[in-house]
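We number each residue from 1, following the sequence as shown. Keep in mind that what you see is a predicted model, and the values were worked out from it rather than measured.
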Amino acid sequence: MRLFRHVLLSLPAAALLSLAAVAPASAQQAPSPDGSTTASPARTADGARVDTLSSAKEVEEYWTPERMRNAQPLTAEDAGAKRSSGTAEQPTGTPGDTPAAAPSGDVRTKIDETPVAGKVFFTKPSDGKDYVCSASALNSDSKQMAITAGHCAHEGNGGDWMENWAYAPEYRNGDRPYGTFAAKQLRTFNGWIDNGDLNWDVAMVTTWPQDDDKLVNRTGGNGLSWNYSREQDITINGYPGNRDNGELQWYCTGTTSDSDGKLALGCDFGGGSSGGPWMREFDESSGLGNTNGVMSTVDSNGVNRSSYFGDSVKAMFDEQGPVT
(Lines give C-alpha, C1' and ligand atoms only; values in the text may rest on other atoms or scores of the structure.)
Protein backbone atom coordinates (compact mmCIF):
# COMPACT_ATOMS: atom_id res chain seq x y z
CA MET A 1 0.00 0.00 0.00
CA ARG A 2 1.17 3.51 -0.85
CA LEU A 3 0.05 6.65 0.84
CA PHE A 4 -0.56 9.88 -1.06
CA ARG A 5 -0.80 13.23 0.61
CA HIS A 6 -1.10 16.80 -0.49
CA VAL A 7 -1.39 20.06 1.40
CA LEU A 8 -4.82 21.59 1.90
CA LEU A 9 -4.16 25.12 3.05
CA SER A 10 -7.57 25.44 4.67
CA LEU A 11 -6.75 22.61 7.08
CA PRO A 12 -4.17 22.57 9.90
CA ALA A 13 -2.77 19.23 8.76
CA ALA A 14 -2.13 17.57 5.43
CA ALA A 15 -4.99 15.64 3.82
CA LEU A 16 -4.35 11.92 3.46
CA LEU A 17 -5.31 9.65 0.63
CA SER A 18 -4.36 6.00 0.60
CA LEU A 19 -4.09 4.25 -2.74
CA ALA A 20 -3.28 0.68 -3.62
CA ALA A 21 -0.77 0.40 -6.44
CA VAL A 22 1.83 -1.72 -8.09
CA ALA A 23 5.23 -0.20 -7.41
CA PRO A 24 8.30 -1.57 -9.08
CA ALA A 25 11.53 0.22 -8.27
CA SER A 26 15.19 0.31 -8.95
CA ALA A 27 18.44 2.18 -8.77
CA GLN A 28 20.96 3.24 -11.34
CA GLN A 29 24.33 4.62 -11.98
CA ALA A 30 27.18 3.54 -14.15
CA PRO A 31 30.94 3.17 -13.81
CA SER A 32 33.56 5.79 -14.62
CA PRO A 33 33.75 7.92 -16.69
CA ASP A 34 29.94 8.40 -16.70
CA GLY A 35 30.06 8.81 -12.93
CA SER A 36 32.47 11.72 -13.12
CA THR A 37 30.96 15.18 -12.79
CA THR A 38 31.22 18.63 -14.34
CA ALA A 39 30.33 21.94 -12.72
CA SER A 40 29.35 25.20 -14.38
CA PRO A 41 28.80 28.73 -13.11
CA ALA A 42 25.17 29.75 -13.22
CA ARG A 43 24.17 32.01 -16.11
CA THR A 44 21.29 34.17 -17.20
CA ALA A 45 19.54 33.70 -20.55
CA ASP A 46 21.81 36.30 -22.16
CA GLY A 47 24.89 34.27 -21.17
CA ALA A 48 26.02 36.51 -18.32
CA ARG A 49 27.45 34.79 -15.25
CA VAL A 50 25.50 35.01 -12.02
CA ASP A 51 28.68 35.88 -10.13
CA THR A 52 27.62 38.73 -7.84
CA LEU A 53 24.83 39.27 -5.35
CA SER A 54 23.40 41.94 -7.64
CA SER A 55 23.24 39.51 -10.57
CA ALA A 56 21.62 36.92 -8.28
CA LYS A 57 19.02 39.56 -7.41
CA GLU A 58 18.37 40.05 -11.13
CA VAL A 59 17.61 36.34 -11.50
CA GLU A 60 15.24 36.54 -8.55
CA GLU A 61 13.49 39.53 -10.12
CA TYR A 62 13.22 37.71 -13.45
CA TRP A 63 10.88 35.23 -11.80
CA THR A 64 7.75 37.32 -11.56
CA PRO A 65 4.55 35.61 -10.34
CA GLU A 66 3.36 35.48 -13.95
CA ARG A 67 6.53 33.77 -15.21
CA MET A 68 6.38 31.25 -12.36
CA ARG A 69 2.73 30.52 -13.07
CA ASN A 70 3.38 30.03 -16.78
CA ALA A 71 6.55 27.91 -16.46
CA GLN A 72 6.04 24.47 -18.00
CA PRO A 73 6.58 21.25 -16.04
CA LEU A 74 9.68 19.49 -17.36
CA THR A 75 10.12 15.74 -17.80
CA ALA A 76 13.35 13.87 -18.37
CA GLU A 77 12.27 13.06 -21.91
CA ASP A 78 11.64 16.74 -22.65
CA ALA A 79 15.10 17.53 -21.33
CA GLY A 80 16.98 15.05 -23.51
CA ALA A 81 16.86 11.65 -21.80
CA LYS A 82 17.53 8.93 -24.33
CA ARG A 83 18.70 5.85 -22.60
CA SER A 84 19.94 4.06 -19.54
CA SER A 85 23.34 2.49 -19.86
CA GLY A 86 22.07 -0.80 -18.50
CA THR A 87 24.87 -0.78 -15.94
CA ALA A 88 23.48 0.28 -12.59
CA GLU A 89 25.99 1.24 -9.94
CA GLN A 90 26.39 -1.33 -7.17
CA PRO A 91 27.33 -0.41 -3.60
CA THR A 92 31.02 -0.99 -2.96
CA GLY A 93 31.01 -0.06 0.71
CA THR A 94 28.76 0.09 3.72
CA PRO A 95 25.69 2.33 3.62
CA GLY A 96 26.29 5.84 4.87
CA ASP A 97 24.44 9.00 5.87
CA THR A 98 25.29 12.65 6.37
CA PRO A 99 23.40 14.59 9.05
CA ALA A 100 20.31 16.68 8.41
CA ALA A 101 20.12 20.21 9.81
CA ALA A 102 17.23 22.11 11.35
CA PRO A 103 16.84 25.78 10.45
CA SER A 104 18.51 28.31 12.72
CA GLY A 105 16.28 29.63 15.51
CA ASP A 106 13.13 27.81 14.35
CA VAL A 107 11.50 24.99 16.29
CA ARG A 108 8.65 23.31 14.43
CA THR A 109 6.11 20.73 15.49
CA LYS A 110 3.76 18.71 13.26
CA ILE A 111 4.02 19.88 9.66
CA ASP A 112 1.62 19.98 6.77
CA GLU A 113 4.32 20.95 4.28
CA THR A 114 8.08 21.22 4.61
CA PRO A 115 10.29 24.21 3.79
CA VAL A 116 13.10 21.75 2.96
CA ALA A 117 11.40 21.12 -0.42
CA GLY A 118 10.39 23.61 -3.08
CA LYS A 119 10.12 24.45 -6.76
CA VAL A 120 12.93 25.11 -9.22
CA PHE A 121 12.46 27.56 -12.08
CA PHE A 122 14.77 27.92 -15.08
CA THR A 123 15.01 28.77 -18.76
CA LYS A 124 15.89 26.03 -21.22
CA PRO A 125 18.53 27.41 -23.63
CA SER A 126 17.55 25.28 -26.63
CA ASP A 127 14.07 26.78 -26.90
CA GLY A 128 14.22 29.87 -24.64
CA LYS A 129 11.13 28.76 -22.68
CA ASP A 130 10.66 28.77 -18.92
CA TYR A 131 10.27 25.47 -17.06
CA VAL A 132 9.69 24.18 -13.54
CA CYS A 133 10.93 21.19 -11.51
CA SER A 134 11.17 20.31 -7.81
CA ALA A 135 14.19 20.24 -5.49
CA SER A 136 15.18 20.16 -1.83
CA ALA A 137 17.78 21.68 0.45
CA LEU A 138 20.70 19.39 1.29
CA ASN A 139 22.79 19.97 4.38
CA SER A 140 26.52 20.38 3.66
CA ASP A 141 29.50 22.38 4.84
CA SER A 142 28.43 25.35 2.74
CA LYS A 143 24.79 25.39 3.94
CA GLN A 144 24.02 26.62 0.41
CA MET A 145 23.20 23.47 -1.55
CA ALA A 146 20.06 22.08 -3.19
CA ILE A 147 19.66 18.69 -4.89
CA THR A 148 17.48 18.01 -7.94
CA ALA A 149 17.39 15.92 -11.11
CA GLY A 150 20.17 16.22 -13.68
CA HIS A 151 17.60 17.13 -16.33
CA CYS A 152 16.57 20.13 -14.20
CA ALA A 153 20.11 21.51 -14.36
CA HIS A 154 21.37 20.51 -17.83
CA GLU A 155 19.70 19.62 -21.14
CA GLY A 156 21.69 16.38 -21.55
CA ASN A 157 22.96 14.78 -24.76
CA GLY A 158 25.60 17.45 -25.29
CA GLY A 159 23.18 20.32 -24.72
CA ASP A 160 23.64 23.32 -22.44
CA TRP A 161 23.20 24.22 -18.81
CA MET A 162 19.82 25.59 -17.75
CA GLU A 163 19.71 29.37 -17.29
CA ASN A 164 18.00 31.78 -14.88
CA TRP A 165 18.03 28.92 -12.35
CA ALA A 166 16.30 29.72 -9.05
CA TYR A 167 14.90 27.74 -6.13
CA ALA A 168 11.79 28.75 -4.15
CA PRO A 169 11.48 26.74 -0.90
CA GLU A 170 7.93 25.76 0.13
CA TYR A 171 6.41 27.50 -2.88
CA ARG A 172 2.65 27.64 -2.45
CA ASN A 173 0.20 29.06 -5.00
CA GLY A 174 2.67 31.74 -6.03
CA ASP A 175 3.74 32.56 -2.48
CA ARG A 176 7.47 32.27 -1.65
CA PRO A 177 7.58 32.36 2.16
CA TYR A 178 11.35 31.72 2.30
CA GLY A 179 12.29 33.86 -0.69
CA THR A 180 14.07 32.81 -3.87
CA PHE A 181 17.63 31.48 -4.04
CA ALA A 182 19.45 31.97 -7.35
CA ALA A 183 22.00 29.38 -8.43
CA LYS A 184 25.70 30.16 -8.15
CA GLN A 185 27.13 26.87 -9.49
CA LEU A 186 25.51 23.75 -10.94
CA ARG A 187 27.01 20.23 -11.05
CA THR A 188 25.77 16.99 -12.62
CA PHE A 189 27.12 13.71 -13.96
CA ASN A 190 28.87 13.52 -17.32
CA GLY A 191 26.75 10.46 -18.07
CA TRP A 192 23.74 12.79 -18.15
CA ILE A 193 25.54 15.72 -19.81
CA ASP A 194 26.98 13.66 -22.68
CA ASN A 195 24.43 10.90 -23.18
CA GLY A 196 21.18 11.77 -21.41
CA ASP A 197 21.68 8.56 -19.44
CA LEU A 198 18.98 8.13 -16.80
CA ASN A 199 21.37 6.23 -14.55
CA TRP A 200 22.93 9.65 -13.84
CA ASP A 201 19.91 11.95 -13.56
CA VAL A 202 21.09 13.79 -10.44
CA ALA A 203 22.37 17.34 -9.88
CA MET A 204 23.59 19.40 -6.95
CA VAL A 205 23.42 23.20 -7.02
CA THR A 206 25.12 25.79 -4.83
CA THR A 207 22.87 28.80 -4.28
CA TRP A 208 23.57 32.40 -3.45
CA PRO A 209 22.70 33.56 0.08
CA GLN A 210 19.66 35.80 0.32
CA ASP A 211 19.80 38.81 2.62
CA ASP A 212 22.99 37.34 4.12
CA ASP A 213 21.06 34.18 5.04
CA LYS A 214 22.12 30.81 3.63
CA LEU A 215 19.57 28.32 2.32
CA VAL A 216 19.97 25.55 4.91
CA ASN A 217 20.14 28.03 7.78
CA ARG A 218 16.82 29.44 6.63
CA THR A 219 14.85 26.29 5.75
CA GLY A 220 16.78 23.36 7.21
CA GLY A 221 18.33 20.70 4.99
CA ASN A 222 18.07 16.93 4.55
CA GLY A 223 20.92 14.53 5.11
CA LEU A 224 22.21 12.31 2.29
CA SER A 225 22.01 8.49 2.14
CA TRP A 226 24.02 6.24 -0.18
CA ASN A 227 24.77 2.54 -0.75
CA TYR A 228 21.50 1.40 0.80
CA SER A 229 19.31 -1.43 -0.48
CA ARG A 230 16.97 -0.57 -3.34
CA GLU A 231 14.06 -1.68 -1.16
CA GLN A 232 13.45 1.19 1.25
CA ASP A 233 10.54 2.85 3.04
CA ILE A 234 10.50 6.18 1.22
CA THR A 235 8.66 9.50 1.35
CA ILE A 236 8.61 11.36 -1.97
CA ASN A 237 7.93 15.06 -1.98
CA GLY A 238 7.40 17.44 -4.89
CA TYR A 239 5.13 19.50 -7.09
CA PRO A 240 3.59 17.22 -9.75
CA GLY A 241 1.86 19.18 -12.47
CA ASN A 242 -0.93 16.61 -12.65
CA ARG A 243 -2.00 17.41 -9.07
CA ASP A 244 -3.23 20.89 -8.10
CA ASN A 245 -1.48 22.15 -11.26
CA GLY A 246 1.80 21.87 -9.35
CA GLU A 247 0.88 24.74 -7.05
CA LEU A 248 1.02 22.73 -3.78
CA GLN A 249 3.39 20.20 -2.27
CA TRP A 250 2.37 16.56 -2.55
CA TYR A 251 3.74 13.50 -0.76
CA CYS A 252 3.75 9.82 -1.64
CA THR A 253 4.95 7.15 0.76
CA GLY A 254 5.66 3.47 0.23
CA THR A 255 8.35 0.83 -0.12
CA THR A 256 10.48 1.06 -3.24
CA SER A 257 11.55 -1.88 -5.37
CA ASP A 258 14.43 -2.56 -7.76
CA SER A 259 13.66 -1.79 -11.40
CA ASP A 260 16.73 -2.43 -13.55
CA GLY A 261 18.94 -0.80 -10.95
CA LYS A 262 16.69 2.18 -10.26
CA LEU A 263 14.40 2.86 -7.32
CA ALA A 264 10.73 2.68 -8.30
CA LEU A 265 7.44 3.54 -6.64
CA GLY A 266 4.00 3.87 -8.26
CA CYS A 267 3.02 7.41 -7.26
CA ASP A 268 1.95 8.72 -10.70
CA PHE A 269 3.68 12.04 -10.08
CA GLY A 270 3.94 13.85 -13.43
CA GLY A 271 6.13 16.60 -14.85
CA GLY A 272 7.09 19.29 -12.36
CA SER A 273 7.85 16.72 -9.65
CA SER A 274 11.23 16.01 -11.30
CA GLY A 275 14.05 16.51 -8.81
CA GLY A 276 11.87 16.14 -5.71
CA PRO A 277 13.53 14.21 -2.85
CA TRP A 278 13.07 10.50 -2.16
CA MET A 279 13.71 10.41 1.58
CA ARG A 280 14.57 7.67 4.02
CA GLU A 281 13.58 8.18 7.65
CA PHE A 282 11.39 11.20 6.95
CA ASP A 283 10.27 12.79 10.22
CA GLU A 284 7.01 14.73 10.09
CA SER A 285 7.77 16.49 13.34
CA SER A 286 10.82 18.18 11.83
CA GLY A 287 10.11 17.96 8.09
CA LEU A 288 13.56 16.38 7.61
CA GLY A 289 14.85 13.10 6.22
CA ASN A 290 17.82 11.57 4.40
CA THR A 291 17.71 12.03 0.64
CA ASN A 292 18.18 8.62 -0.99
CA GLY A 293 17.05 9.54 -4.52
CA VAL A 294 15.46 12.28 -6.62
CA MET A 295 12.46 12.07 -8.93
CA SER A 296 13.57 11.23 -12.46
CA THR A 297 10.80 9.70 -14.60
CA VAL A 298 7.21 8.46 -14.71
CA ASP A 299 5.95 5.78 -17.10
CA SER A 300 2.53 5.14 -18.66
CA ASN A 301 1.58 2.98 -15.68
CA GLY A 302 2.25 5.78 -13.22
CA VAL A 303 5.48 4.25 -11.89
CA ASN A 304 8.07 6.83 -10.88
CA ARG A 305 11.80 6.11 -10.82
CA SER A 306 14.96 7.57 -9.33
CA SER A 307 18.63 6.99 -10.06
CA TYR A 308 20.38 4.90 -7.42
CA PHE A 309 22.46 6.76 -4.84
CA GLY A 310 25.80 4.98 -4.53
CA ASP A 311 29.41 6.03 -4.10
CA SER A 312 29.24 8.34 -7.13
CA VAL A 313 26.51 10.49 -5.57
CA LYS A 314 28.51 10.68 -2.35
CA ALA A 315 31.55 11.75 -4.41
CA MET A 316 29.44 14.49 -6.03
CA PHE A 317 28.36 15.62 -2.57
CA ASP A 318 31.99 15.75 -1.43
CA GLU A 319 32.90 17.86 -4.49
CA GLN A 320 30.00 20.32 -4.36
CA GLY A 321 29.20 20.47 -0.64
CA PRO A 322 32.10 22.77 0.34
CA VAL A 323 31.55 25.21 -2.58
CA THR A 324 30.47 28.66 -1.40
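- For the pair Val120 and Ala135, the tightest heavy-atom approach, listed with the atom from each and the gap, is CG2-CB, 3.2 Å.
- Glu281 CD to Ile234 CD1: the interatomic distance, rounded to the nearest 0.5 Å, is 9.5 Å.
- Closest heavy-atom contact between Phe282 and Thr235: CB-OG1, 3.6 Å.
- Checked by atom type and distance alone, the side chain of Asp268 never pairs as donor or acceptor with a backbone atom of Asn301 at under 3.5 Å.
- No donor-acceptor pair closer than 3.5 Å links the side chain of Trp208 to the backbone N or O of Ser54.
- The two residues Thr75 and Ser274 have their closest heavy-atom pair at CA-OG, 4.2 Å.
- Between the Asn242 side chain and the Gly270 main chain, a donor and an acceptor come within less than 3.5 Å of each other.
- Counting only distance, with no hydrogens or angles, the side chain of Thr188 and the backbone of Val202 share a donor-acceptor pair below 3.5 Å.
- Using a 4.5 Å cut-off between side-chain heavy atoms of Ile, Leu, Val, Met, Phe, Trp and Tyr, with links allowed through other members, Val298 and Ile236 fall into different hydrophobic clusters.
- For the atom pair NZ (Lys119) and SG (Cys152), the distance works out to 12.0 Å, reported to the nearest 0.5 Å.
- There is no side-chain donor-acceptor pair under 3.5 Å between Arg305 and Ser296.
- Annotation: the span from Asp233 atom CG to Arg280 atom CZ amounts to 9.5 Å, rounded to 0.5 Å.
- No donor-acceptor distance shorter than 3.5 angstrom exists from the side chain of Gln72 to the backbone of Tyr131, with no hydrogens or angles considered.
- Considering only heavy atoms from C-beta on, Pro41 stays 4.5 Å or farther from Gln185 through its side chain.
- Inspection of the Glu231 and Ser229 side chains reveals an N or O donor paired with an N or O acceptor under 3.5 Å.
- The residues Arg172 and Glu247 are annotated as not salt-bridged, no charged nitrogen and carboxylate oxygen being separated by less than 4.0 angstrom.
- Listed for the Lys184 side chain is a donor-acceptor partner under 3.5 Å among the backbone atoms of Thr324.
- Ser225 and Asn292 form no side-chain donor-acceptor contact under 3.5 Å, judged by distance and modelled atom types alone.
- With hydrogens and angles left out, the side-chain atoms of Glu60 and Tyr62 include no donor and acceptor closer than 3.5 Å.
- Side-chain atoms of Tyr178 and Arg176, non-hydrogen and from C-beta on, never get closer than 4.5 Å to each other.
- One hydrophobic cluster, built from ILVMFWY side chains closer than 4.5 Å, holds both Phe181 and Leu186.
- Although no hydrogens or angles enter the test, the distance criterion places no donor-acceptor pair under 3.5 Å between the side chain of Arg69 and the main chain of Thr64.
- In summary, the side chains of Asn164 and Thr44 do not present any donor paired with an acceptor at a separation below 3.5 Å, with no hydrogens or angles considered.
- Remark: the backbone N or O of Tyr251 is not paired with any side-chain donor or acceptor of Asn237 at under 3.5 angstrom.
- At least one donor-acceptor pair closer than 3.5 Å links the side chain of Asp201 to the backbone N or O of His151.
- Listed here is the closest heavy atom pair of Pro177 and Pro169: CD-O, 4.0 Å.
- Closest of all the heavy-atom pairs between Ala76 and Leu198 is CB-CD2, 3.9 Å.
- The shortest side-chain heavy-atom distance between Ser142 and Pro322 does not fall under the 4.5 Å cut-off.
- Counting heavy atoms from C-beta outward, Leu215 and Tyr167 have side chains that approach closer than 4.5 Å.
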Margin query: I'd like to know whether Asp311 forms a side-chain hydrogen bond (donor to acceptor under 3.5 Å, both in side chains) with Asn227, so could you lay out the CA-CA distance, the side-chain angles of the two residues, the decisive distance to 0.1 Å, and finally the verdict.
Written below: CA-CA 7 Å; Asp311 290 333; Asn227 280 346; 2.7 Å; yes
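- We find the CZ-OG distance between Phe189 and Ser36 to be 9.0 Å, quoted to the nearest 0.5 Å.
- At least one side-chain heavy atom of Leu138 sits less than 4.5 Å from a side-chain heavy atom of Met204.
- Nearest heavy atom pair, residue Trp161 against residue Ile193, reads CZ2-CD1, 3.8 Å.
- Looking at Asp283, its side chain does come within 3.5 Å of a backbone N or O of Ser285 through a donor-acceptor pair.
- Val132 and Trp165 fall into different hydrophobic clusters, where Ile, Leu, Val, Met, Phe, Trp and Tyr side chains are chained together by heavy-atom contacts under 4.5 Å.
- You'll find the side chain of Glu163 stays beyond 4.5 Å of the side chain of Phe122, heavy atoms only.
- Trp200 is not listed as a side-chain neighbour of Asn190, based on a closest heavy-atom distance of 4.5 Å or more.
- No side-chain heavy atom of Pro209 sits under 4.5 Å from any side-chain heavy atom of Asp212.
- Tyr171 meets the ring pair (Phe, Tyr, Trp, His ring centres under 6.0 Å) test with Phe121; sequence neighbours excluded.
- The line from CG of Asp130 to CE of Met162 is 11.5 Å long, rounded to the nearest 0.5 Å.
- Residues Asp244 and Trp250 have side chains that bring a donor and an acceptor to within less than 3.5 angstrom of each other.
- The local environment of CG in Asp46 is crowded, with over 12 non-hydrogen atoms from other residues, nucleotides or ligands closer than 6.0 Å.
- Under a cut-off of 6.0 angstrom, the local environment of CG in Asp175 is crowded, with over 12 non-hydrogen atoms contributed by other residues, nucleotides or ligands.
- Between the CZ atom in Phe269 and the OG atom in Ser134 there is a gap of 9.0 Å [rounded to 0.5 Å].
- Using a 4.5 Å cut-off between side-chain heavy atoms of Ile, Leu, Val, Met, Phe, Trp and Tyr, with links allowed through other members, Ile147 and Phe317 fall into the same hydrophobic cluster.
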